[in-house]
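Data block below; observations after.
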Amino acid sequence: MNFTRRNLLLVAAAIGIAGGPAYAEGTLNVGAYPTNPPFEYKNESGTFEGFEVDIINEAAKRIGMTTDIADLGFQALFAATTSKRIDVAISSITITPERLKSQSFTQPYYDSDMGIAAKADSPIKAEADLKGKIVGVLSGSTGEAWVKAHQEADGFSDVKGYDTQQNLLLDLSSGRVDAAVSDIPGLEYSFTRMKDLAVKERIKTGEQYGLMMTKDHPLLGKLNDALTAMKTDGTLAAIHKKWFGSDAPADSATVKEMPLPKA
């Protein structure tokens with residue numbers, strides 16, 4: 001049979017329609033930062049575990065899908081959703097007006113604040129003590145945004161960005177930075193093992209975490225509805241209890257249905 005170029009294009013289009021995107025085949029492509037316990041991390045067998053891993057796996061199950069979780073750096077998550085390499089990103093990602101310009105988020109499922117951390121025996125006790133100090137942050141995080149916004153007024157001598165929370169805290173422990181600013185839950189979890197470090201001051205930010213998705217993703221509504229159901233039947237509260245060892249506050253985003261964030 002003689003195929004013209006038009007015939008070939010029509011066949012290719014038909015194959016594309018038949019195949020469709022990954023989520024139509026029942027697989028939700030997820031990106032995760034691998035060293036962010038208890039939210040997500042890789043266990044000894046190389047499998048992802050954690051609070052948000054349980055959330056996305058359960059939400060996917062409720063819409064008739066399975067997950068394929070890829071190991072990505074924190075900053076790479078934003079490019080991966082934008083380019084549609086992945087459908088969803090998890091990694092204690094704060095919902096912000098700036099991020100909503102290029103991404104979509106489900107309703108929040110976790111409330112958080114940031115903290116200033118330093119060596120336990122450090123004279124640094126609060127924000128005012130950071131004048132002339134080197135402050136470390138996770139690159140691309142809301143902690144970095146806060147530090148850069150306060151650097152001039154508070155007089156930090158330098159701001160150092162890190163690709164992983166582990167490297168940031170190792171440098172804090174060794175004295176290569178004087179303090180670190182990051183999310184309270186991740187810091188407190190790390191400090192159960194790094195006994196020489198401590199959170200010195202809580203920064204009240206009202207931050208909330210949600211599932212970050214490609215802008216206007218067709219599955220946004222379904223996953224958001226799954227989160228609502230998980231809150232209503234107590235599943236999300238049980239996942240919180242499993243990973244944090246405590247009950248989520250009754251008025252928190254872990255328990256209460258919240259509106260879908262809008263840009």
Inset, instruction - On the 0 to 90° scale, with breaks at 30° and 60°, tag the H150-W146 ring pair as parallel, tilted or perpendicular. - result: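 If you compare the ring of H150 with that of W146, the planes turn out parallel.
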Cluster overlap [X] with [Y], hydrophobic side-chain contacts below 4.5 Å:
| X | Y | value |
| --- | --- | --- |
| M258 | F51 | no |
| I184 | Y162 | yes |
| Y109 | V255 | no |
| I95 | I86 | yes |
| M230 | M212 | no |

Exercise: do [X] and [Y] side chains pair donor with acceptor under 3.5 Å:
| X | Y | answer |
| --- | --- | --- |
| S182 | Q165 | yes |
| S45 | T47 | yes |
| N36 | S92 | yes |
| S173 | D196 | yes |
| Q103 | T214 | no |

Nearest heavy-atom neighbours spanning [X] and [Y]:
| X | Y | answer |
| --- | --- | --- |
| M194 | L170 | CE-N, 4.3 Å |
| A180 | L168 | CB-CD1, 3.9 Å |
| V147 | V137 | CG2-CG1, 3.5 Å |
| Y33 | F74 | CD1-N, 3.8 Å |

Report yes if the side chains of [X] and [Y] come closer than 4.5 Å at any heavy-atom pair, otherwise no.
| X | Y | result |
| --- | --- | --- |
| L211 | V30 | no |
| D178 | V135 | no |
| L223 | L28 | yes |

Legend entry - Any residue meeting salt bridge (charged side-chain N to carboxylate O under 4.0 Å, His left out) with K119, in chain and number order, not counting sequence neighbours: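 Applying salt bridge (charged side-chain N to carboxylate O under 4.0 Å, His left out) to K119 gives none.
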Legend entry - Check ion pair D54-K242 (N to O, under 4.0 angstrom):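 Yes.
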Legend entry - Lys/Arg N to Asp/Glu carboxylate O, K256 vs D251, below 4.0 Å: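 No, no charged N to carboxylate O under 4.0 Å.
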Legend entry - Residues R176, D171; criterion salt bridge (Lys or Arg N to Asp or Glu O under 4.0 Å); working and verdict: CA-CA 5 Å; R176 284 188 279 271; D171 268 14; 2.7 Å; yes
Inset, instruction - Check each of T106, T81, D87 against H217 using the side chain to side chain donor-acceptor pair (under 3.5 Å) test, and report the only one that passes. - result: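 Looking at T106, T81, D87, the match for H217 under the side chain to side chain donor-acceptor pair (under 3.5 Å) is D87.
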Legend entry - Rounded distance [0.5 Å steps], CG in L172 versus CD1 in I134: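 Rounded to the nearest 0.5 Å, the CG-CD1 separation comes out at 11.5 Å.
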Legend entry - Nearest-0.5 Å distance that lies between atom CD in E40 and atom CZ in F48: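 Spacing of CD (E40) from CZ (F48) equals 7.5 Å.
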Inset, instruction - Decide yes or no on side chain to side chain contact (heavy atoms under 4.5 Å, CB included) for I90 and I55, but give the supporting numbers first. - result: CA-CA 10 Å; I90 55 172; I55 289 175; over 6 Å; no
Legend entry - Distance flag, aromatic centroids of F244 and Y110, threshold under 6.0 Å: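 Between Y110 and F244, the centre distance is under 6.0 Å.
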Inset, instruction - Applying ring pair (Phe, Tyr, Trp, His ring centres under 6.0 Å), run through F39 and Y209 and close with a yes or a no. - result: CA-CA 11 Å; F39 292 93; Y209 304 154; 5.5 Å; yes
Inset, instruction - Verify side chain to side chain donor-acceptor pair (under 3.5 Å) between E207 and T205, making sure each step is shown before the conclusion. - result: CA-CA 5 Å; E207 291 186 59; T205 60; 3.1 Å; yes
Legend entry - For E257, the option from T228, N224, L227, T232 that meets side-chain contact (heavy atoms from CB on, under 4.5 Å):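 Of the listed residues T228, N224, L227, T232, the side-chain contact (heavy atoms from CB on, under 4.5 Å) partner of E257 is T228.
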